[in-house]
Amino acid sequence: MSLLIRGVAILPGEGPFIPEGFILIDGDRIRALGPGTGLAADEVRDAAGMVAIPGLVNVHTHLALSTFRGLADDVRLFAFLAETRKRWGTATMEETFAAARAGCREALHSGTTCLYDSHAISPQPVAMAGRDVGMRVVGAGSARSTWFGAPARDTFADVLRETEATAARYARRDLMYVPSLAAHSPYHCTAEQIQRVKTVCRERGWVFAIHLAECEEEVQLIRQWTGKTPAAYLDSLGVLDERTLLAHAVFLDVDDIGRLAHRGSHIAHCPKSNAKLGDGVAPVPECLRAGVSIALGTDSMVSNNTLDMLEEMRFGALIHRGVHRDPTVITARTMFEMATLAGARAVGLDREIGSLRPGKKADLVLLALAPPLARTEESVLSELVFHATSRDVRTVIVNGRIVLDEGECLDAPAATRRAPEAE
Ligand SMILES: [Zn+2]
C-alpha cells in the first residue's frame with residue numbers, strides 16, 4: 001500500500017526545506033520526497049497549503065497519570081510524588097491502560113508520534129495503549145528501592161520481569177514498542193540498584209533512564225549522602241553514557257555540564273513541568289553551548305496538565321529568552337530540533353525516526369499553519385514554534401498508517417481494544 005502526499009511544504013528536519021513538494025510513503029517507510037508532484041501511488045492526497053514535519057518525539061512522560069490532571073497543582077516535587085503515588089499505587093491495570101490510552105490520544109493531537117514513558121513496575125498498559133491508538137512507544141518499568149533514603153521494597157525483580165514480559169509480547173520489528181528500563185531517581189534508588197538497572201540495559205541494548213537533579217531538595221539530599229552533585233554522583237556510579245536519558249537536569253554546575261557533554265548522555269528537558277513545580281529553569285543554553293544533547297519532554301499530565309509538544313516547544317523558547325533576557329539564546333530551530341531528531345537520538349531511534357528522509361519510518365504530521373507572508377524555512381519554523389497549536393494538526397501518520405485525520409483520532413479496530421490481562 002503506497003500513499004502519495006502532494007502539494008505540501010516539507011520541513012524535513014534534515015536536508016533542505018521544500019516549499020512545495022511530495023512525500024511518497026510505501027508501507028511503513030518513506031520511499032521518496034522532494035519538489036514536484038511525485039510518482040503514482042495507491043492513494044493520493046492533495047495537501048496544498050499544508051506543512052509536513054517529522055512526528056514530534058516526547059522523551060519524558062508518565063502516561064499512567066493521565067487521568068489525574070489537577071491532582072497536585074500547587075505543591076513542590078517531594079509532596080507531589082507522595083500525593084501521586086497514593087493514586088497510581090492503587091490503580092488497576094485496566095485503569096492504568098485507560099489513562100495511558102487517553103494520554104496517547106492527547107499526545108497524537110499535538111503531533112507527537114513517539115514517546116518515552118516510564119512507570120512503576122509494568123510498561124505493559126502503556127505498550128498496549130500505544131498499539132491501540134497507533135502511537136510509537138519506548139516504554140520502561142521504573143525500579144525503586146528506597147523512599148527518600150528510608151528502606152522500601154526493592155521492585156527491581158518485578159520491574160525486570162514485567163518489562164521482559166512486555167517486550168516478549170509487544171516488541172516487534174515494526175518498532176511500535178521498544179523496551180527500556182528506568183531507575184526512578186537517586187533518592188528512590190540505592191547506588192547498587194541504579195547500577196543493576198544500567199547493567200541490564202547495557203546487556204540488552206536498552207536505553208537507561210533516570211530522573212536527575214529535578215529540585216533543590218534533591219540536590220541537598222544527594223550532597224548530604226554522597227558529598228557530590230546528583231550528576232557527579234551518577235557519574236561516579238559509571239552509569240552515564242550515550243544510552244542514558246536524564247530527565248530534568250535542572251541543577252547542573254559547570255563541571256556537571258562538562259561531564260554530561262563528555263559522556264554523551266541525553267537530557268529530557270521538561271520546561272513546563274519544572275516551572276509548574278517551582279523547581280527552576282534548566283541551564284539549557286549553557287548545556288547546548290557545551291555540546292550536551294538535549295531533547296524535549298512534557299512529563300506527566302499532573303505536573304504539566306497537557307502532553308502538548310507544540311506548547312512545550314513554545315514555552316521552552318520563551319522561558320529561556322526571558323530568564324536570560326536574550327532573544328537569541330534559543331531559536332525556533334533549536335526547539336524544533338530538540339522535539340524531533342534530538343528526541344529520536346535520546347531514545348536510540350534516530351536511524352529510524354526524527355526526520356523525513358527516504359528509508360526512514362513514515363512518522364509525520366501535516367499541519368494547516370496560518371498563511372505566511374512567504375513560505376520559507378524561517379517562516380515555517382516561526383509559525384510552528386511561536387504560533388501553532390494542536391488545532392492546526394490535521395493529519396498524523398505513524399509507521400505509515402494514518403492514525404489521526406481531520407483532527408480526529410482513528411483508533412485501531414475494536415477487536416484490539418481490550419484491557420490488558422490482570423497480572
Ligand atoms: Zn518524570
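Order of appearance sets the numbers: ligands from 1, and atoms from 1 within every ligand. No experiment lies behind these values; they were computed from the predicted model shown.
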> H211: which N/O/S atom is nearest the Zn ion (ligand 1)?
Replying inline: NE2
>> For the residue pair T166 / T163, report whether a side-chain donor-acceptor contact shorter than 3.5 Å exists.
In response: no
>> For N/O/S atoms only: which one belongs to H60 and is nearest the Zn ion (ligand 1)?
In response: NE2
>> With respect to the Zn ion (ligand 1), please indicate if C270 possesses an N, O or S atom at a distance under 2.8 Å.
In response: no
>> Working note: V178 + Y116, criterion side-chain contact (heavy atoms from CB on, under 4.5 Å); need CA distance, chi angles, decisive distance, verdict.
In response: CA-CA 9 Å; V178 177; Y116 183 98; over 6 Å; no
> Quick one: side-chain contact (heavy atoms from CB on, under 4.5 Å) partners of A344, sequence neighbours excluded?
Replying inline: D350, I353
> Which of these, T112, V396, L384, L115, sits in a side-chain contact (heavy atoms from CB on, under 4.5 Å) with L56?
Replying inline: T112
